[in-house]
4 protein chains.
Amino acid sequence: MSPKIVDKNARRLEIAAVAGVLFGKYGFDKVTVDSVAKAAGIGKGTVYEYFQNKEALIDGAFETLMTHMMTHMTDTLDLTLRPLDALRKLTFSMVDALNHVGEQYGFFLEYILMLNRGGGNAGILTGMLTEYRQMVGGLLEAAVDAGQVRANLDIANAAASYAAWFDGAIFHWMTIQSPDLKTLATAFWDFFVSGITPREEAQIA
Amino acid sequence: MSPKIVDKNARRLEIAAVAGVLFGKYGFDKVTVDSVAKAAGIGKGTVYEYFQNKEALIDGAFETLMTHMMTHMTDTLDLTLRPLDALRKLTFSMVDALNHVGEQYGFFLEYILMLNRGGGNAGILTGMLTEYRQMVGGLLEAAVDAGQVRANLDIANAAASYAAWFDGAIFHWMTIQSPDLKTLATAFWDFFVSGITPREEAQIA
Amino acid sequence: MSPKIVDKNARRLEIAAVAGVLFGKYGFDKVTVDSVAKAAGIGKGTVYEYFQNKEALIDGAFETLMTHMMTHMTDTLDLTLRPLDALRKLTFSMVDALNHVGEQYGFFLEYILMLNRGGGNAGILTGMLTEYRQMVGGLLEAAVDAGQVRANLDIANAAASYAAWFDGAIFHWMTIQSPDLKTLATAFWDFFVSGITPREEAQIA
Amino acid sequence: MSPKIVDKNARRLEIAAVAGVLFGKYGFDKVTVDSVAKAAGIGKGTVYEYFQNKEALIDGAFETLMTHMMTHMTDTLDLTLRPLDALRKLTFSMVDALNHVGEQYGFFLEYILMLNRGGGNAGILTGMLTEYRQMVGGLLEAAVDAGQVRANLDIANAAASYAAWFDGAIFHWMTIQSPDLKTLATAFWDFFVSGITPREEAQIA
DNA sequence: CATGAATGAGTATTCATTCAT
DNA sequence: TATGAATGAATACTCATTCAT
């Protein structure tokens with residue numbers, strides 16, 4: 001009922017978003033609370049009205065980033081398409097989006113490192129990765145049902161592999177810009193499809 | 001000329017190795033030069049005898065790590081096997097090794113982030129990644145010649161995809177320990193082979 | 001806008017003054033920023049709120065000292081006296097003052113050395129010395145008009161010589177306390193006056 | 001009898017001279033023992049064979065500088081000239097010399113500051129200044145005897161004033177290069193002579 | 001005698017956090 | 001509620017000095 005609560009939350013998200021951009025660009029330790037405040041157009045003390053400390057700020061920033069990415073995914077997911085086509089569309093849409101949020105992605109990586117070292121809220125990330133795998137898994141399952149994918153596919157691990165490939169590709173692309181992300185994705189998709197679609201027989205030695 | 005006999009290079013590598021472990025465990029900014037010195041059993045000033053500054057220390061540590069990893073790869077590479085088998089062996093050997101250098105791998109990720117933000121020596125990393133892709137590409141090419149892999153495979157991109165998957169898998173594994181790396185690798189391998197081996201025909205919609 | 005009312009400029013001058021005393025007593029390099037803070041009764045970080053770095057602190061201290069000295073001179077300058085008498089009064093008043101700011105004077109010397117080596121703001125000092133010479137030159141000129149000084153005196157260089165003597169005298173006095181500054185000044189004044197006042201004829205060989 | 005003693009002393013003087021140049025150029029605190037060693041073409045440890053510590057090094061450097069200056073003075077002193085002319089020659093010769101040892105002079109000033117703050121060997125400096133005043137005083141006394149200077153001159157204080165002027169002039173010249181030292185000296189000399197030479201009567205108010 | 005590798009005390013500077021207004 | 005002045009803990013880096021060779 002109190003309209004201020006809305007304001008407070010909006011302001012919170014605003015600050016977190018600004019912080020996320022800075023963290024992505026310069027890294028957690030190089031970003032000062034003061035620079036976040038300046039970038040958000042508020043006083044340094046005010047940041048502490050919304051976040052208990054710098055750590056909380058990074059958690060908030062990460063949540064905001066994840067929300068954006070998940071929203072993008074959900075929005076892009078087109079259930080009128082056949083499952084494998086929906087996955088293809090999703091894949092390339094993400095590639096497109098990444099060309100625009102590359103810096104944020106750096107922040108994403110860094111956050112994972114922080115978690116690994118005991119800082120941050122691991123739950124957020126685990127949950128998000130699980131959700132990501134499940135979305136892909138769900139599509140693959142539907143594709144099995146639709147006969148687009150071979151029935152004996154280990155869906156959970158295929159989804160995990162897909163996701164791993166995706167993040168690894170971005171990761172390498174950040175290091176060497178060649179080949180560009182779209183080319184890499186195209187080649188992968190081709191090869192991914194070859195691996196999962198029905199076939200007469202496998203002839204491995 | 002020098003009255004004190006010290007193998008300056010050996011000492012340098014020693015310090016870099018110690019630093020690498022700490023950087024991997026706690027991250028660059030959380031590691032103090034003093035802690036590196038203590039861990040190496042030397043005085044703080046001595047670190048500065050071998051490295052101009054903390055940045056140089058991280059470059060040195062990275063070089064050391066890369067050298068180790070490349071050496072491990074080369075050592076593991078068994079050219080008496082058929083190419084695809086050699087690649088499989090390499091893959092699982094790396095997975096094994098990673099269970100032991102997981103922390104170092106965190107350092108590896110972090111270094112990439114630093115490079116992306118303008119610090120560090122980008123050349124080392126680019127070179128290493130290129131070398132990694134080439135090694136895999138070489139094996140795939142040999143596999144094509146041996147008829148183990150379909151002839152129309154885009155080798156360069158398949159190698160890049162393989163490498164991307166590999167790093168992405170480690171990356172996700174660092175975040176959620178489930179499934180374990182070996183399971184993930186087994187599923188990927190199966191599915192990778194399906195994608196690259198010869199087949200009657202592709203039946204994609 | 002600012003909820004905390006602090007006269008930033010007053011605080012700045014206060015810190016500079018305190019720093020000036022310490023610099024004078026112990027020299028720039030022997031004085032730590034922390035000791036300045038302690039002496040000013042503030043925290044170390046606060047010093048950096050007012051001065052960008054230690055160098056800025058010394059510039060500020062010097063400005064403060066110069067302002068004090070110049071104010072003292074101007075206050076002492078009595079224009080109701082005949083010009084030469086005004087200069088005499090000024091001279092001895094400065095001597096008196098110096099017995100109290102001797103330590104500061106050490107800082108003054110040191111600052112000049114720093115300037116000579118490329119640090120500090122040379123403009124401040126040059127301006128101050130020029131002003132000092134002009135004040136003396138003005139008095140000598142008035143004395144010429146009043147017939148107290150011989151008309152053919154090279155005023156600019158006499159003023160420069162006077163100033164040089166003054167600083168040199170302080171300088172030697174700092175080294176050997178004998179003779180005391182007043183005696184030295186008395187002798188100089190007598191002899192200075194002999195050199196500049198009108199005379200029948202010069203009988204130099 | 002031992003020829004090594006000569007060597008040792010020569011080496012000592014050599015190091016001190018080199019140190020003096022560096023101290024003059026950069027200031028005591030900015031000069032490292034290592035840089036002195038490098039400049040002297042020896043090892044860092046060797047410096048400590050000849051000087052107990054950095055402080056001793058500065059004392060040695062100062063002694064060397066003083067010896068040079070005194071030697072220059074004594075060499076220049078021409079007793080075949082009439083006393084006042086000898087003093088004039090000495091003055092201008094020193095001015096000439098200073099154009100070449102300006103940097104060393106900075107060291108001289110700094111040393112005085114150090115003494116004033118309790119470091120260094122005050123005796124050396126006091127002795128040297130006394131000697132300097134006595135040399136000038138002696139010439140003035142001889143000039144009185146020769147009738148070149150008025151008999152009622154307070155010789156001790158005139159000598160002290162002369163010396164003070166000299167150092168003050170150099171000091172100002174270091175700050176503002178204008179007027180050049182020779183011009184300043186010419187004006188001073190003219191005016192000094194006016195003040196000390198015999199005259200009919202003083203007509204001061 | 002000469003050396004320079006090793007050392008750690010000492011210091012400038014940054015920045016997260018607090019709190020009076 | 002918003003602010004930014006004040007603070008001091010934390011840290012990279014320097015350099016005089018020692019001492020094994």
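Throughout, protein chains are lettered first and strands after them, A, B, ... in sequence-line order, and every chain is numbered starting at 1.
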For the residue pair [X] and [Y], establish whether any side-chain heavy-atom pair is separated by less than 4.5 Å.
{"X": "B/Glu55", "Y": "B/Met114", "answer": "yes"}
{"X": "C/Leu57", "Y": "C/Phe23", "answer": "yes"}
{"X": "B/Phe107", "Y": "B/Lys25", "answer": "no"}

Measure from [atom1] on [X] to [atom2] on [N] and round the result to the nearest Å.
{"X": "A/Leu22", "N": "E/dA16", "atom1": "CG", "atom2": "P", "value": "12 Å"}
{"X": "A/Glu49", "N": "E/dC19", "atom1": "CD", "atom2": "P", "value": "13 Å"}
{"X": "C/Lys8", "N": "F/dG4", "atom1": "NZ", "atom2": "C1'", "value": "9 Å"}
{"X": "D/Glu55", "N": "F/dC15", "atom1": "CD", "atom2": "C1'", "value": "15 Å"}
{"X": "C/Phe28", "N": "E/dA12", "atom1": "CZ", "atom2": "C1'", "value": "10 Å"}
{"X": "B/Lys38", "N": "F/dA12", "atom1": "NZ", "atom2": "P", "value": "12 Å"}
{"X": "B/Phe23", "N": "F/dA12", "atom1": "CZ", "atom2": "C1'", "value": "12 Å"}
{"X": "D/Phe51", "N": "F/dA16", "atom1": "CZ", "atom2": "P", "value": "15 Å"}

Next on the checklist: Using heavy-atom distances to pick each residue's nearest nucleotide on DNA chain F, tell me which of B/Gln52 and C/Gly43 is more 5'.
Outcome noted: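 Going by which nucleotide is closer to the 5' end, it is C/Gly43.
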Checklist entry - Taking only side-chain nitrogens and oxygens of D/Arg11, does any of them come within less than 4.0 Å of OP1 or OP2 of E/dC1? => result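 For E/dC1, neither OP1 nor OP2 has a side-chain N or O of D/Arg11 closer than 4.0 Å.
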Item to check | B/Tyr50 vs E/dA6: side-chain N/O to OP1/OP2 distance below 4.0 Å | outcome: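 Answer yes for this pair, as a side-chain N or O of B/Tyr50 is under 4.0 Å from OP1 or OP2.
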Checklist entry - In terms of side-chain heavy atoms of D/Ile42, which of F/dA2, F/dA6, E/dT3 is nearest? => result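 Nearest listed nucleotide: E/dT3.
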Checklist entry - Which one, F/dT18, F/dT7, E/dA2, comes nearest to the side chain of D/Tyr48? => result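 My answer, after comparing the listed nucleotides, is F/dT18.
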Can you give me the closest heavy-atom contact between [X] and [Y], atom names plus distance?
{"X": "C/Asn53", "Y": "C/Tyr48", "answer": "CA-CE2, 4.0 Å"}
{"X": "A/Val31", "Y": "A/Leu22", "answer": "CG2-O, 3.4 Å"}
{"X": "C/Ala40", "Y": "C/Val18", "answer": "N-CG1, 3.9 Å"}

Item to check | Base-paired stems that DNA chain E participates in, counting runs of 3 or more Watson-Crick or G-U pairs under 3.5 Å | outcome: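 The stems are E:2-21 with F:2-21.
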Checklist entry - Between D/Tyr111 and D/Phe108, does the ring centroid distance fall short of 6.0 Å? => result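 Between D/Tyr111 and D/Phe108, the centre distance exceeds or equals 6.0 Å.
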Next on the checklist: Test side-chain contact (heavy atoms from CB on, under 4.5 Å) on A/Phe51 and A/Arg12; report intermediate values, then the result.
Outcome noted: CA-CA 8 Å; A/Phe51 297 90; A/Arg12 213 188 118 88; 3.5 Å; yes
Checklist entry - Can we say C/Glu110 and D/Arg117 salt-bridge, meaning some charged N sits less than 4.0 Å from an Asp/Glu carboxylate O? => result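 Judged by the 4.0 Å cut-off on N to carboxylate O distance, C/Glu110 and D/Arg117 do form a salt bridge.
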Next on the checklist: Considering every strand and a 4.0 Å limit on heavy-atom distances, what is the contact class for C/Asp34: base, sugar-phosphate, or nothing?
Outcome noted: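 It contacts nothing in the nucleic acid.
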Between protein and nucleic acid, restricted to nucleotides 9-11 of chain E and to nitrogen or oxygen atoms under 3.5 Å apart, what atom pairs and distances do you find?
residue: E/dG10; atom: O6; partner: B/Lys44; partner atom: NZ; Å: 3.2

